[in-house]
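Here the structure is laid out as structure tokens; the discussion comes afterwards.
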Amino acid sequence: MVRKNSALSFVFVLILCFYCLAACGKEDEPENNSISTESDVQDIDSIKGTDYDTGIVKVSVPEGWNAFDVRKPMSDGSKETDPNFLSIVKGEKNHVLYCNILIGYYGTRDTGLEFDRGFYENIAEITPFEAAGYSWTGFDCEDKMSGSKYTIIEGKKDDKSIKVTVKKTDGYNNSEIEFYDKDVQHIINSIEIRPSFE
């Protein structure tokens with residue numbers, strides 16, 4: 001009888017240990033509802049957008065976002081816009097302090113991706129990926145002056161290049177977007193180019 005009780009007690013202790021370990025394992029798993037890594041990319045097929053076309057760069061702009069033409073450099077001396085560039089802002093305001101996505105088509109020219117690294121800190125390479133027919137590489141980083149966070153990527157197809165700069169935090173008024181947010185991924189995957197540089 002003693003042996004039987006000892007055996008039952010031993011089995012009970014084993015079962016108790018099993019449940020304790022299982023519970024500990026669950027507590028160690030972080031709860032992550034944010035979209036912050038490649039594995040968190042949401043289904044972009046469900047996103048509906050309105051096409052915006054500069055004549056060279058065409059994208060699908062999701063609801064709640066607005067696209068703006070980008071002026072040529074100040075040294076150009078005019079207010080003429082450059083159809084090779086397009087800015088997309090979450091919300092209605094087109095302002096440098098707000099989070100935005102800047103898309104630039106460079107053709108065979110250098111996008112300056114490597115040169116950009118000198119202006120940022122806390123640089124972390126992102127996993128290369130394919131989207132919109134281009135092969136993309138790039139990095140996450142923070143602006144040395146403002147602390148704003150960015151993801152900067154370069155897409156290549158044949159000898160042609162696109163650069164996309166995603167300003168994720170503005171460092172001033174706390175607006176925020178995520179590179180792996182489904183709207184941002186929808187925009188990147190919708191990019192179409194009609195080349196101006198050959």
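Please read these numbers as outputs of a predicted model, since none were measured by experiment.
- Here CD1 of Ile103 is found 7.0 Å from CD1 of Ile187. Values are rounded to the nearest 0.5 Å.
- Contacts of Lys144 classified as salt bridge (charged side-chain N to carboxylate O under 4.0 Å, His left out), with partners at least two apart in sequence or in another chain: none.
- To the nearest 0.5 angstrom, Ile126 atom CD1 is 10.5 Å from Ile152 atom CD1.
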Apply side-chain contact (heavy atoms from CB on, under 4.5 Å) to residues Tyr134 and Ile193 and explain how you reach the verdict.
CA-CA 11 Å; Tyr134 288 77; Ile193 300 293; 3.8 Å; yes
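- Results of the side chain to side chain contact (heavy atoms under 4.5 Å, CB included) test with Tyr150 over Tyr120, Phe139, Phe179 single out Tyr120 as the only residue that passes.
- Looking at residues two or more places apart in sequence or on another chain, you find a side chain to side chain contact (heavy atoms under 4.5 Å, CB included) between Val61 and Tyr52, Val59, Trp65, Ala67, Ile88.
- Minimum interatomic distance between Ser60 and Pro62 (heavy atoms only, all atoms of both residues): O-CD, 3.5 Å.
- Once rounded to the nearest 0.5 Å, the distance linking CG of Asp181 with NE2 of His186 reads 11.5 Å.
- Atom NZ in Lys72 sits 11.0 Å away from atom CZ in Phe85 (nearest 0.5 Å).
- Relative orientation of the Phe129 and Trp136 rings is parallel, given thresholds of 30° and 60° on the angle between their planes.
- The main-chain N or O of Asp82 is never found under 3.5 Å from a side-chain atom of Asn84 such that the two would form a donor-acceptor pair.
- Heavy-atom minimum distance, Gly133 versus Lys157: O-CD, 3.1 Å.
- Nearest heavy atoms, Tyr105 versus Lys160: OH-CD, 3.4 Å.
- Inter-residue side-chain proximity for Thr54 and Asp69 is flagged as met; some heavy-atom pair is nearer than 4.5 Å.
- Side-chain contact of Glu130 with Ser135: a donor-acceptor pair under 3.5 Å is present, judged by distance alone.
- The salt bridge (charged side-chain N to carboxylate O under 4.0 Å, His left out) check on Asp183 picks up nothing, with sequence neighbours excluded.
- In this model, no donor atom of one side chain and acceptor atom of the other lie less than 3.5 Å apart for Ser161 and Glu154.
- Remark: the backbone N or O of Asp143 is not paired with any side-chain donor or acceptor of Ser146 at under 3.5 angstrom.
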Given Asn122 and Cys141, is the side-chain contact (heavy atoms from CB on, under 4.5 Å) satisfied, shown in steps?
CA-CA 5 Å; Asn122 298 324; Cys141 57; over 6 Å; no
What verdict does the side-chain contact (heavy atoms from CB on, under 4.5 Å) test give for Val70 and Leu102, after you've listed the backbone C-alpha separation in whole Å, the side-chain angles of each residue and the deciding distance to 0.1 Å?
CA-CA 9 Å; Val70 175; Leu102 178 64; 3.9 Å; yes
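- For Asp110, there are no salt bridge (charged side-chain N to carboxylate O under 4.0 Å, His left out) partners, not counting sequence neighbours.
- Atoms NZ and CD, on Lys168 and Glu176 in that order, are 9.0 Å from each other to the nearest 0.5 Å.
- Contact detail for Thr169 and Gly147: the closest heavy-atom pair is OG1-O, 4.2 Å.
- Separation of atoms OH (Tyr180) and CD1 (Ile188) is listed at 9.0 Å; rounding is to 0.5 Å.
- Across Asp53 and Gly55, no two heavy atoms sit closer than the pair OD1-N, 2.7 Å.
- Under the 3.5 Å distance criterion, with hydrogens and angles disregarded, no donor-acceptor pair is assigned to the side chains of Ser148 and Lys167.
- Heavy atoms only, all atoms of each residue included: Val89 and Cys99 are closest at CG1-O, 3.7 Å.
- Among residues at least two apart or in separate chains, salt bridge (Lys or Arg N to Asp or Glu O under 4.0 Å) pairs with a member in residues 118-128 are Arg117-Glu125.
- Residues passing the salt bridge (charged side-chain N to carboxylate O under 4.0 Å, His left out) test with Lys163 are Asp116, sequence neighbours excluded.
- Salt-bridge formation is not detected for the pair Asp140/Lys149: no Lys NZ or Arg NE/NH1/NH2 atom is positioned less than 4.0 Å from an Asp or Glu carboxylate oxygen.
- Asn100 places no side-chain N or O within 3.5 Å of a backbone atom of Ser87 that could act as its donor or acceptor partner.
- Tested against Val184, the residues Asn189, Ile101, Val164 include a single side chain to side chain contact (heavy atoms under 4.5 Å, CB included) partner, Ile101.
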